[in-house]
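All remarks here apply to the structure that follows.
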Amino acid sequence: MSGLSGSLSIALSALSVSQQEIATTSNNVANANTPGYSRQRSVITASEPVIFGSFTFGTGVVLQKIESLRSPILEIQLNQATQQQSQLDTSLGQLQQLQVQFGSASSGIGADISNFFNSLQQLAPDPSNLALRQSVLTAAGKLATDFNTTAQSLQTQRSNIDLNVVQSVGAVNTLTAQIASVSQQIGGLQGGDASSLVDTQTALIRQLSALVDVSVIPTDQGITLATSNGTTLVSGSQSFALSTQTVGGVHHILSGATDITGTLTGGSLAGLLQIRDQEIPNLGTSLDQIAAGLATNLNAANAKGTDLNGAAGGNIFAPPPLRGVGAAATFTVSLTNPALIAASSDGSTGSNGNLALLSAVATTPLANGQTPIDSYSSIVFKVGNDTANTSAEADASNLIVQQLQDQRGSISGVSLDEEAANLIQYQATYQAAARVVSIVSSLLSDAVNLGLDAPVQ
C-alpha cells in the first residue's frame with residue numbers, strides 16, 4: 001500500500017506502538033521498588049509489507065507482545081540458595097540461644113562442679129566443723145539448682161521450637177493455597193499476558209522456599225511443587241495441605257498419612273527440626289550422663305564412710321532415674337543435715353579419710369570415659385563449635401544469595417536511568433509520528449480541496 005493513506009496508516013501504527021512503549025516504561029518506573037517485580041519490555045516488529053509488482057511497501061510497526069525479563073535457571077538457583085540460607089539462619093539463632101546456657105566451662109555447671117569438690121577439700125582439715133559441712137551442702141544445692149535450671153531451659157527451648165514448627169506448617173499451607181490460586185488465574189488467561197501473575201507466583205514460591213525444601217517442576221497444567229523427598233505440595237491449581245501430629249511429645253509433620261518429618265532438608269523447618277530433634281536431645285543426654293554419674297559415684301563414696309553420729313553415710317543426692325534419663329532435671333540434694341556427711345573412714349569424728357574418696361569422684365571417669373569437668377567442657381566446646389561453624393556457613397550462604405539477587409537485578413531489575421533514556425526515545429518517536437500524521441492530514445486536505453474555489457472544511 002502506498003500513497004498518503006498508506007503513510008497515514010504507518011504513522012498511526014507508530015503512534016499506537018509508542019504509546020504502549022511509554023505505558024510499559026511507566027509501569028517499570030512505578031514498580032522499581034516492588035519486591036519480585038520483573039522488568040517488562042515491548043517487543044515490536046515491522047508489519048507485513050505489501051508487494052506491488054516489483055515494489056515492496058512497508059506498512060508500519062506492530063506490537064508483538066509485552067514480555068517480562070527473567071531467568072528461569074536463576075530463579076531456581078535463588079530458591080535453592082534461599083532454602084539453605086533460611087535453614088542456616090534458623091539453626092544459628094537457636095544455637096546462639098543454647099550458647100547462652102553453655103557459655104563457658106568455668107561458669108554455670110562447670111563452676112558448680114569445681115566449687116563442690118573445692119568445698120570438700122576445705123572440709124578436710126576440720127571434718128567436724130559444721131559451718132564447713134554446711135558449705136558442702138550449699139555447694140551441692142547450687143550444683144543441683146543449675147542442673148535443674150539448664151535441663152528446664154533446654155526443654156523450654158525445645159517446646160518453643162515445637163510451636164514454631166506448627167506455625168511454620170500453617171504458613172506452608174497458606175502459601176501453597178495461594179500459589180495454587182495464582183496458577184488457576186494464570187491458566188484462565190488462556191495464553192494472555194500473565195507477567196504480573198507470574199511475578200506474584202515467583203515471589204510466593206520464594207517465600208515457600210524459605211520455609212521448606214521445594215522444587216518447581218513445569219507441567220502441562222502449569223507447575224508442580226514438591227519437596228526433596230517427592231511430597232507434592234501443589235499440582236496445577238490444586239494444593240495439598242500438610243498436617244501435624246504429636247508423637248513422643250513433639251509435633252511431627254505429615255503429608256496425608258505419611259510422616260515426612262525426617263525427610264525435610266531445607267528451609268527454616270529443617271533448621272528447627274535439626275535443633276529440636278538432634279541438637280537439644282543430644283545435649284540433654286550428655287547433661288543427664290554427667291548428673292547421673294556424679295550422683296551415683298558421690299552416693300557410693302559417701303556410703304563407704306561414717307557421719308558425725310558414727311552411722312554409715314547415706315545418699316548425698318537423690319538416686320538418678322533408670323538409665324539416667326532425666327537425671328539433670330531430677331538432680332536434687334538428699335541430705336539436709338550437714339552432720340550426715342560421711343567424712344570419717346574409721347567412725348571417729350576427727351577422721352577425714354572418706355573425704356579422699358568423695359574428692360576422687362572429680363577424677364573418676366563417667367560412662368563416656370571422661371571426668372565430670374571434662375564432660376561438661378566437651379558440651380561447652382560442642383555448642384561453641386557448632387555455633388561458630390553454622391555462623392560461618394550462614395555468612396557464606398548470605399553472600400551467595402546476595403550475589404544471585406544482584407544477578408537477578410541485572411536481568412529483571414528496573415534501572416531508572418535506563419527507563420528515563422527509553423522514555424526520551426519513545427517520546428521522540430511519538431512526536432515524529434505525530435508530525436507525520438499532521439503533515440499527511442494537511443496533504444490529504446489539500447488533495448481533497450484541489451480544483452475547488454472554496455476549501456472543504
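Model, not experiment: these values are computed from the prediction.
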For [Y], does its backbone N or O pair with a side-chain atom of [X] as donor and acceptor, under 3.5 Å?
X: Ser18; Y: Leu15; answer: no
X: Asn173; Y: Ala241; answer: no
X: Asn297; Y: Gly293; answer: yes
X: Glu279; Y: Leu95; answer: no
X: Asp199; Y: Tyr37; answer: no
X: Ser153; Y: Thr149; answer: yes
X: Gln83; Y: Val214; answer: yes
X: Ser13; Y: Val61; answer: yes
X: Ser86; Y: Ala210; answer: yes
X: Ser255; Y: Thr258; answer: no

Does the side chain of [X] pick up a donor-acceptor pair with the side chain of [Y] at under 3.5 Å?
X: Ser415; Y: Asp417; answer: no
X: Ser91; Y: Thr390; answer: no
X: Asp406; Y: Gln402; answer: yes
X: Gln96; Y: Thr387; answer: no
X: Gln289; Y: Ser375; answer: no
X: Asp213; Y: Ser228; answer: yes

Listed partners of Glu67 passing salt bridge (Lys or Arg N to Asp or Glu O under 4.0 Å), at least two apart:
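Applying salt bridge (Lys or Arg N to Asp or Glu O under 4.0 Å) to Glu67 gives Arg41, Lys65.
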Test side chain to side chain donor-acceptor pair (under 3.5 Å) applied to Thr90 and Ser268, step by step:
CA-CA 6 Å; Thr90 300; Ser268 61; 4.5 Å; no
Quick one: closest heavy-atom pair of [X] and [Y], and the distance?
X: Ile66; Y: Ser195; answer: O-OG, 4.0 Å
X: Ile411; Y: Leu69; answer: O-CB, 3.6 Å
X: Arg276; Y: Thr261; answer: NH2-CG2, 4.0 Å

Approximate separation, where rounding is to 0.5 Å, of [X] [atom1] and [Y] [atom2]:
X: Ile316; Y: Leu143; atom1: CD1; atom2: CG; result: 11.0 Å
X: Gln370; Y: Ser377; atom1: CD; atom2: OG; result: 8.5 Å
X: Thr227; Y: Leu269; atom1: OG1; atom2: CG; result: 11.0 Å
X: Leu264; Y: Thr231; atom1: CG; atom2: OG1; result: 7.5 Å
X: Gln20; Y: Ile22; atom1: CD; atom2: CD1; result: 10.0 Å
X: Leu283; Y: Asp288; atom1: CG; atom2: CG; result: 11.0 Å

Determine whether Ile10 and Val436 make a side-chain contact, defined as any pair of heavy atoms from C-beta on separated by less than 4.5 Å.
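Not touching, per the 4.5 Å side-chain cut-off.
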How about Leu225 and Thr232: do any of their side-chain heavy atoms sit closer than 4.5 Å?
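No; the side chains remain at least 4.5 Å from each other.
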I would like to know whether Lys142 and Asp146 meet salt bridge (charged side-chain N to carboxylate O under 4.0 Å, His left out); could you show each step before the answer?
CA-CA 6 Å; Lys142 181 65 168 59; Asp146 277 356; 2.8 Å; yes
For side chain to side chain contact (heavy atoms under 4.5 Å, CB included), just list the numbers for Leu273 and Ile253, CA-CA rounded to whole Å, side-chain angles, deciding distance to a tenth of an Å, and then say yes or no.
CA-CA 10 Å; Leu273 294 172; Ile253 303 171; 4.1 Å; yes
Kindly write out the residues that satisfy ring pair (Phe, Tyr, Trp, His ring centres under 6.0 Å) with Phe147, not counting sequence neighbours, or none if the list is empty.
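Expected list: Phe331.
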Kindly determine whether Ser239 and Ile179 satisfy side chain to side chain contact (heavy atoms under 4.5 Å, CB included), including the steps that lead there.
CA-CA 8 Å; Ser239 62; Ile179 292 169; over 6 Å; no
Taking only Lys NZ, Arg NE, NH1 and NH2, and the carboxylate oxygens of Asp or Glu, determine whether Asp386 and Lys382 approach each other closer than 4.0 Å.
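Salt bridge: yes.
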